[in-house]
Amino acid sequence: MSLLTKPVDLMAARLRARGIDPLLPFLGAASLALLAGALSFQVLGGLEPCVLCLQQRWPHLGVVVAAGALTALGPSRRVQGWGLLLITVLLLVTGGIGLYHVGVEQGWVEASAACTMSTAQGGGAQDLAALRAAIAGAPRAACTDIVWSLLGISMAGWNALLSVLLAGIAAGGARRIFRHG
């Protein structure tokens, strides 16, 4: 047992002793890490999110809440399996939004109206106060802009890849629970 895996194995054993599937806190922590990364780029890096960036965050928040609640409450194995299925769906939703966002960034698909509305248009604002409110509340980045990438993959692309990978792990955990209890 290596120095890195020993604490993880101990934590997993403690969770199993309480009847909790260790995938639940893992998936919650993974989604929390993705959210923290996005917020760090926004707050510390000064990268403003676009509409699609913001939409990708909500399912991750749902994963954090669902995984946290299931870990804290320690329900039956069957309920944990249904929880893992819910987490799978949430991760596939954010992965799908991320994939669509990559398509918009690359010009493969047309951006939605919310992505293409410029703040100069004011979103249909009829007076100066409404225009100011629309500008203040509107994201500053365009969905078509790639504001950061690693290895040629944008943040939306990384979210899509990691979310689909995590969805596969969650689905595998649910399958295991439903097959073997």
Side-chain angles (χ1 to χ4, degrees), residues 4 7-8 11 15 20-73 83-109 111-123 132-171 173:
L4 292 176
V8 172
M11 184 183 77
L15 289 167
I20 298 169
D21 194 304
L23 279 181
L24 291 168
F26 166 75
L27 293 165
S31 274
L32 185 61
L34 289 170
L35 277 173
L39 289 171
S40 295
F41 277 104
Q42 180 180 344
V43 175
L44 301 176
L47 301 178
E48 289 297 326
C50 71
V51 171
L52 291 174
C53 294
L54 295 173
Q55 289 175 353
Q56 290 173 78
R57 294 178 188 182
W58 288 107
H60 282 297
L61 183 60
V63 170
V64 171
V65 170
L70 290 166
T71 300
L73 297 175
L84 284 168
L85 282 179
L86 171 64
I87 288 170
T88 301
V89 169
L90 289 168
L91 289 167
L92 289 174
V93 166
T94 190
I97 297 168
L99 187 59
Y100 172 72
H101 193 178
V102 169
V104 169
E105 290 172 339
Q106 298 299 325
W108 300 332
V109 295
S112 69
C115 289
T116 58
M117 182 189 82
S118 73
T119 54
Q121 292 170 325
R132 284 185 184 148
I135 291 171
R140 292 185 203 108
C143 296
T144 55
D145 296 342
I146 298 174
V147 295
W148 180 90
S149 68
L150 175 67
L151 303 174
I153 301 172
S154 69
M155 242 188 299
W158 282 110
N159 179 60
L161 287 171
L162 294 172
S163 295
V164 169
L165 174 67
L166 291 170
I169 292 169

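- Residues satisfying the ring pair (Phe, Tyr, Trp, His ring centres under 6.0 Å) test with F41, not counting sequence neighbours, are W148.
- In terms of heavy-atom proximity, P25 sits nearest to P22 at CD-O, 3.3 Å.
- When all heavy atoms are compared, the tightest approach of A160 to G95 is CB-O, 3.6 Å.
- In plain terms, the two heavy atoms of Q56 and G98 that are nearest each other are OE1-CA, 3.2 Å.
- For Q55, there are no side-chain hydrogen bond (donor to acceptor under 3.5 Å, both in side chains) partners, not counting sequence neighbours.
- In summary, of the residues considered (T88, T94, L90), a side-chain contact (heavy atoms from CB on, under 4.5 Å) with L92 occurs for T88 alone.
- In this structure, V109 and V104 approach most closely via the heavy-atom pair CG2-N, 3.5 Å.
- Counting all heavy atoms, side chain and backbone alike, A66 lies closest to L86 at CB-CD2, 4.3 Å.
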Evaluation steps, side chain to side chain contact (heavy atoms under 4.5 Å, CB included), between R57 and L39: CA-CA 10 Å; R57 294 178 188 182; L39 289 171; 3.4 Å; yes
For residues 26-33, which side-chain N or O atoms pair as donor and acceptor with protein atoms under 3.5 Å away, sequence neighbours left out?
from	atom 1	to	atom 2	distance (Å)
S31	OG	H60	ND1	2.9

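- Here CG of L34 is found 9.0 Å from CG of L91. Values are rounded to the nearest 0.5 Å.
- In terms of heavy-atom proximity, V102 sits nearest to S154 at CG2-OG, 4.0 Å.
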